[in-house]
Each structure stands twice: as C-alpha cells, then as structure tokens.
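Each remark here refers to the structure printed beneath this line.
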Amino acid sequence: MEPAKKGLKILYAILGSISLVLGTLGIFLPLLPTTPFYLLTAWLYMRSSEKLYQKVMSNKYFGTIVRNFHEDKSIPLRTKIIIVSMLWGSILFSAFFAVSAWWLRLLLFAIAIGVTIHVLSYKTKKVKQ
C-alpha cells in the first residue's frame with residue numbers, strides 16, 4: 001500500500017474514533033447528537049479498517065441503529081419520537097432558562113425546526129413484533 005493511502009486510512013481511523021467519542025458524549029449531553037456521530041464513525045471506519053467497521057456494526061448498544069440506517073435509510077418510529085422529544089425539550093429549556101437574547105432564541109428554534117424536518121423526512125422503519 002502506498003504511503004499516501006496508508007496515511008489517509010490512519011486519518012480516517014483517528015477521525016472515526018473522535019466521532020465515536022463525540023457520539024458517546026451525546027448520550028449524556030442533550031444538544032450533542034449521538035446517531036449522526038455514530039453514522040459518521042461507521043463511514044470513517046469503513047474507509048479505514050474492516051475490523052473497526054465490523055466492531056461498530058456489531059456493537060450491542062448502537063450497532064442496530066447504524067446498521068438499519070445504513071441498509072435502508074430509515075428510522076424506527078420510537079427513535080423518531082425520542083429524537084424529536086429530546087431535541088425540543090433541550091431547545092425549550094435552553095431558550096427559556098439559559099438564553100436571554102431574542103435572536104439566539106430564534107436561532108435555537110430555527111435549528112430545532114430544521115432538525116425536526118430532517119429527522120421526519122426519513123422513512124419510518126417498520127419494527128417486527
């Protein structure tokens with residue numbers, strides 16, 4: 001393998017690991033997204049290491065979410081509800097208790113509307129019971 005490709009693979013692995021850490025922090029920090037970082041992690045690992053990619057895809061905590069989205073670009077209804085509820089809860093709390101500038105509140109609401117539209121634009125995955 002030529003040095004440039006090896007260097008790029010190492011860079012992808014490092015960026016994937018940073019994305020994985022940020023996604024994990026997103027579980028605990030309301031305004032930091034979790035799933036997009038895990039999807040980015042899978043994409044970066046896919047380009048850097050088959051072993052790392054398989055670890056992400058087979059992870060018992062978030063592997064199913066990444067795999068489902070990767071395969072058919074869908075989000076389960078329960079996940080959509082959780083995403084939108086957490087998003088709006090965080091935005092409303094921030095807008096009314098953490099921010100006093102009207103333009104910043106407006107920006108927060110615009111972001112929430114945009115993210116909500118984006119999440120709802122994906123098809124809903126039918127969950128087998």
Side-chain angles (χ1 to χ4, degrees):
M1 178 183 307
E2 58 188 85
K5 282 190 178 184
K6 187 173 183 176
L8 195 56
K9 285 184 177 243
I10 291 170
L11 178 64
Y12 282 151
I14 291 169
L15 293 174
S17 298
I18 292 169
S19 178
L20 179 64
V21 169
L22 290 172
T24 303
L25 286 173
I27 295 169
F28 307 103
L29 301 173
L31 292 179
L32 194 63
T34 300
T35 305
F37 280 118
Y38 286 157
L39 293 171
L40 178 60
T41 298
W43 186 86
L44 290 164
Y45 281 174
M46 182 171 44
R47 279 151 182 76
S48 66
S49 163
E50 182 65 27
K51 183 178 177 182
L52 290 173
Y53 176 70
Q54 289 306 321
K55 279 190 173 195
V56 167
M57 297 305 276
S58 62
N59 184 283
K60 70 178 184 176
Y61 299 108
F62 58 85
T64 304
I65 294 168
V66 173
R67 196 170 37 260
N68 286 343
F69 191 83
H70 182 73
E71 289 172 359
D72 62 4
K73 303 286 188 273
S74 66
I75 303 172
L77 180 61
R78 181 176 185 275
T79 304
K80 283 185 177 183
I81 292 169
I82 291 170
I83 291 169
V84 172
S85 299
M86 295 286 290
L87 168 72
W88 279 97
S90 300
I91 293 292
L92 289 170
F93 178 82
S94 297
F96 292 112
F97 297 108
V99 173
S100 59
W102 68 267
W103 63 269
L104 201 49
R105 286 181 179 164
L106 191 62
L107 178 63
L108 286 173
F109 288 124
I111 291 169
I113 290 168
V115 172
T116 300
I117 290 169
H118 181 72
V119 168
L120 297 179
S121 72
Y122 287 101
K123 64 182 177 181
T124 303
K125 180 162 183 73
K126 307 232 185 303
V127 179
K128 298 173 186 165
Q129 295 180 4

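Treat the numbers as computed from the prediction; the structure is a model and nothing was measured. Just so you know, residue 1 is the first one in the sequence shown, and it goes up from there.
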Can you tell me how far the [atom1] atom of [X] sits from the [atom2] atom of [Y], to the nearest 0.5 Å?
{"X": "Leu104", "Y": "Ser94", "atom1": "CG", "atom2": "OG", "result": "9.0 Å"}
{"X": "Met46", "Y": "Tyr12", "atom1": "CE", "atom2": "OH", "result": "10.5 Å"}
{"X": "Phe37", "Y": "Leu39", "atom1": "CZ", "atom2": "CG", "result": "11.0 Å"}
{"X": "Tyr38", "Y": "Thr24", "atom1": "OH", "atom2": "OG1", "result": "3.0 Å"}
{"X": "Gln54", "Y": "Ser49", "atom1": "CD", "atom2": "OG", "result": "9.5 Å"}
{"X": "Ile113", "Y": "Ile91", "atom1": "CD1", "atom2": "CD1", "result": "10.0 Å"}

Taking every non-hydrogen atom, the tightest pair across [X] and [Y]:
{"X": "Leu52", "Y": "Ala13", "result": "CD1-CB, 4.2 Å"}
{"X": "Leu87", "Y": "Ala112", "result": "CD2-O, 3.5 Å"}
{"X": "Gly16", "Y": "Thr41", "result": "O-OG1, 3.3 Å"}

- Indicate the ring-plane relationship of Phe69 and Tyr122, choosing parallel, tilted or perpendicular according to the 30° and 60° boundaries.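 Ring orientation of Phe69 relative to Tyr122: perpendicular.
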Under the rule for side-chain contact (heavy atoms from CB on, under 4.5 Å), what residues qualify as partners of [X], not counting sequence neighbours?
{"X": "Ala110", "value": "none"}
{"X": "Pro76", "value": "Thr79, Lys125, Val127"}
{"X": "Thr124", "value": "Leu77, Lys80"}

- Query: With distance as the sole test, does Thr34 use its side chain to make a donor-acceptor pair with the main-chain N or O of Ile27 at under 3.5 Å?
  - Reply: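 Checked: pair present.
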- Query: Would you say Ser121's side chain and His118's backbone share a donor-acceptor pair under 3.5 angstrom?
  - Reply: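 Here the side-chain-to-backbone pair exists.
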Is [Y] reachable from [X] through a run of I, L, V, M, F, W or Y residues, each pair having side-chain heavy atoms under 4.5 Å apart?
{"X": "Val99", "Y": "Leu92", "answer": "yes"}
{"X": "Trp103", "Y": "Phe97", "answer": "yes"}
{"X": "Leu44", "Y": "Leu11", "answer": "yes"}
{"X": "Ile111", "Y": "Leu106", "answer": "yes"}

- Item | Within-4.5 Å side-chain heavy-atom neighbours: Lys123 and Asp72 |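 A side-chain contact exists here, since the closest heavy-atom pair is under 4.5 Å.
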- Would Tyr45 and Leu20 count as a side chain to side chain contact (heavy atoms under 4.5 Å, CB included) if you check the C-alpha gap in whole Å, the side-chain angles of each, and the deciding distance to 0.1 Å? CA-CA 10 Å; Tyr45 281 174; Leu20 179 64; 4.2 Å; yes
- Message: Walk me through whether Tyr53 and Ser48 qualify under side chain to side chain donor-acceptor pair (under 3.5 Å).
- Response: CA-CA 8 Å; Tyr53 176 70; Ser48 66; over 6 Å; no
- Derivation and outcome, side chain to side chain contact (heavy atoms under 4.5 Å, CB included), residues Asn59 and Val56: CA-CA 5 Å; Asn59 184 283; Val56 167; 5.8 Å; no
- Could you go through the side chain to side chain contact (heavy atoms under 4.5 Å, CB included) check for Phe109 and Trp88 one step at a time? CA-CA 9 Å; Phe109 288 124; Trp88 279 97; 3.7 Å; yes
